There are 2 protein chains.
Amino acid sequence: MPGEVGGQTVDFGGQWVGASQNLLRQQAIELDVPMYRQYTSGNSLVNIDGKVHAYSSTPKLPFLSTLELGLTLHRWKRDMQTLPVGAPWLAENALEWDAMSIEVWLDKHVDTTAARDFARLVTSAITCTESLHVSYLFFLECLRQGGGLEAMMAVEGGAQQDKFLGGAWQIPKRMAERLDGCIVLNAAVSAIEQNANGVRVTCAQGAFEASYAIVTAPPPLASRIRFVPPLPVKRAGLLQRMQMGAVIKMHVAYPTPFWRRHGLNGSVASVGHHLGFVFDQSPEDESIGVLVGLIEGNHALELSGLSQEARREHIVADLVHYFGDEAAAPLDYADYDWTTDEWALGGYASHMPPG
Amino acid sequence: MPGEVGGQTVDFGGQWVGASQNLLRQQAIELDVPMYRQYTSGNSLVNIDGKVHAYSSTPKLPFLSTLELGLTLHRWKRDMQTLPVGAPWLAENALEWDAMSIEVWLDKHVDTTAARDFARLVTSAITCTESLHVSYLFFLECLRQGGGLEAMMAVEGGAQQDKFLGGAWQIPKRMAERLDGCIVLNAAVSAIEQNANGVRVTCAQGAFEASYAIVTAPPPLASRIRFVPPLPVKRAGLLQRMQMGAVIKMHVAYPTPFWRRHGLNGSVASVGHHLGFVFDQSPEDESIGVLVGLIEGNHALELSGLSQEARREHIVADLVHYFGDEAAAPLDYADYDWTTDEWALGGYASHMPPG
């Protein structure tokens, strides 16, 4: 979904394409949507314990916390590698890991505050919710499917390596144009009936028949559909149980990408403030400066109740904390609250609770 | 919902009325549906470790297990009493208790196998699911709302004290008759819109306007309804997250209530077999013998995949194990699988996962 800030078209939805997302990269080339690199020249910022530090490769935490965070990431990787592909429930420790939330795991294995805070930040970036709501086994399976934590969090060679010139939203848009006349919009599906001949999909506008139906709706929306015959009990139970995370995505425009002058690449990872992650989203000609940011989990639920104006104040205060006074007077601000989108019911991931 | 077994009308849905359920008792009197006592003369049976024991007041477990079970029930009561009425999340240990499943709690506090098995049986009777899927805090709140475990599990003076002559289903049926012409059936609600003037409720048959709407659907079905404006994020998230338990209710008829001759009251609590709980449901004139039983949690999910004929075989084998060979040749068998009921999606309770 496109948005606009300071005259630039931006993505309110998914935005990055990873180094190994070959199908999407191929699709983009075929549809003539050019890719370009995420800006990375200079240092990143980390905000922890209320203090902002610049770093080039590894966030500077207190010494013991750094050691322990390293150990934590190593343990996650080791545990993740024990999951059988396609059947995480068959792992040797599956029952034990599924019984505990990520938070309970952290309680058991991580002692230093900074390492724990940083581990929480990482897990909320992946699940869009708080570590106490998510099964540790489910989290490991997310890491496994994402190719491991390093790949998921990295820019170069990782999941945030490239972006689409003009926005990722152009890809589904152009795919849809090719299917002109075959797409029915604004037609929420109320029932899918299956018999020996195929499927019958019912919505307010009428019914459609086909050989197969592919349901891509997130679990809480898929479970609103009436299936005839009913879904298998375990599948229906899974859909009932998976909840969407909470995320608000925001863009803010400045006259220039002023952070670049200070040797910063615009990226921030932040514990304890509403705005958890920031990246540089400025146009390549530097005609203006744009930052894109994500507010996740409980922070999103808190800000979701406010007006966009009040949210902007919170976010600008966070940006001033990260980047200094130059961040105080943006040209423009826009955000999209996925938690109130009735056809998403949250985002960008859904999760399985412990148990 | 009424069913029929051996010519007797029985309840496939709720059946008992507790000693303290005054509103329901009053309603039954007003609607002229007589109540009568659950049959309790004689001993109950408990099946544990594959062996069946008769007992009069307390199930006979191994000595240490009995002590530990007593301690467990005491701890539940003590923990339950710390929950502030209407706001369990304000209890001193709320975060800790909500982070763990009942199973994790049992792992920590109960050592003997029989005590643990029996505690699991009790929790599945209350939640209709396995102890590893349920938040310990949620479980304590269920106990608190039910007036404590003793009242919930008891017959005399407790929740299973009385039944309705002819079945509990007659109460809603007679209430509905009084509202003849005001009830629209077979009309699944797709949307509820609220504005300053009231609500507008939409279903396939049209739209209805009213001052208020009361939604009594279980959480997974309530979350299929499109609310305009959307529900508050936290409320929608709660509906997304609560899953229904699994239960199959079965009735079986014999030529006589033969167990009464052996000094048994027909009640069974059983660990490890599919049929977890049994009660006597014979007509007062003893013209035939009827047992009613509940299959819960994973046992229900397993048997849900089978034909009713195959289920009957499993259940009769369980009854032979509990009551001996006289149970091998029933006159009639009927069951209702709530897990495949598309307008219940399970039963009889929904639960909150840990976290």
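Nothing here was measured: the structure is a model prediction, and the numbers come from that model.
- A side-chain donor-acceptor contact under 3.5 Å links A/Tyr348 and A/Glu296.
- By number of non-hydrogen pairs under 4.5 angstrom with chain A, the leading residue of B/Ala300, B/Ala188, B/Ser190, B/Pro354 is B/Pro354.
- Among A/Leu345, A/Val104, A/Leu301, the residue with the largest count of heavy-atom pairs under 4.5 Å with chain B is A/Leu345.
- How far OG1 of A/Thr127 is from CD of A/Gln243: 11.0 Å, rounded to the nearest 0.5 Å.
- Separation of atoms CH2 (A/Trp76) and OG1 (A/Thr123) is listed at 6.0 Å; rounding is to 0.5 Å.
- The greatest number of non-hydrogen atom pairs below 4.5 Å with chain B, out of A/Met242, A/Glu103, A/His133, is found for A/His133.
- With B/Arg311 contributing its side chain and B/Leu303 its backbone, the two residues share a donor-acceptor pair below 3.5 Å.
- Between B/Glu68 and B/Arg116 no salt bridge is recorded (no basic side-chain N to carboxylate O distance below 4.0 Å).
- Judged purely by atom type and a 3.5 angstrom limit, B/Trp343 has no side-chain atom pairing as donor or acceptor with the backbone of B/Leu221.
- Contact annotation for B/Thr339: both backbone and side-chain heavy atoms come within less than 4.5 Å of a heavy atom of chain A.
- Contact of A/Glu342 with chain B is made through the side chain alone, with heavy-atom distances under 4.5 Å.
- At a 4.5 Å heavy-atom cutoff, the contact between A/Thr340 and chain B is made by backbone and side-chain atoms alike.
- Under the 30°/60° scheme for interplanar angles, the aromatic rings of A/Tyr136 and A/Phe139 are found to be tilted.
- Put simply, the side chain of B/Asp318 never gets that close to the backbone of B/His273: no donor and acceptor are under 3.5 Å apart.
- Taking a 6.0 Å sphere around CG of A/Asn195, one finds it holds more than 12 heavy atoms contributed by other residues, nucleotides or ligands.
- For B/Met244, the parts lying near chain A are the backbone and the side chain together; criterion is any non-hydrogen pair under 4.5 Å.
- Using non-hydrogen atoms only and a strict 4.5 Å limit, the part of residues 229-238 of chain A facing chain B consists of A/Pro230, A/Val233, A/Gly237.
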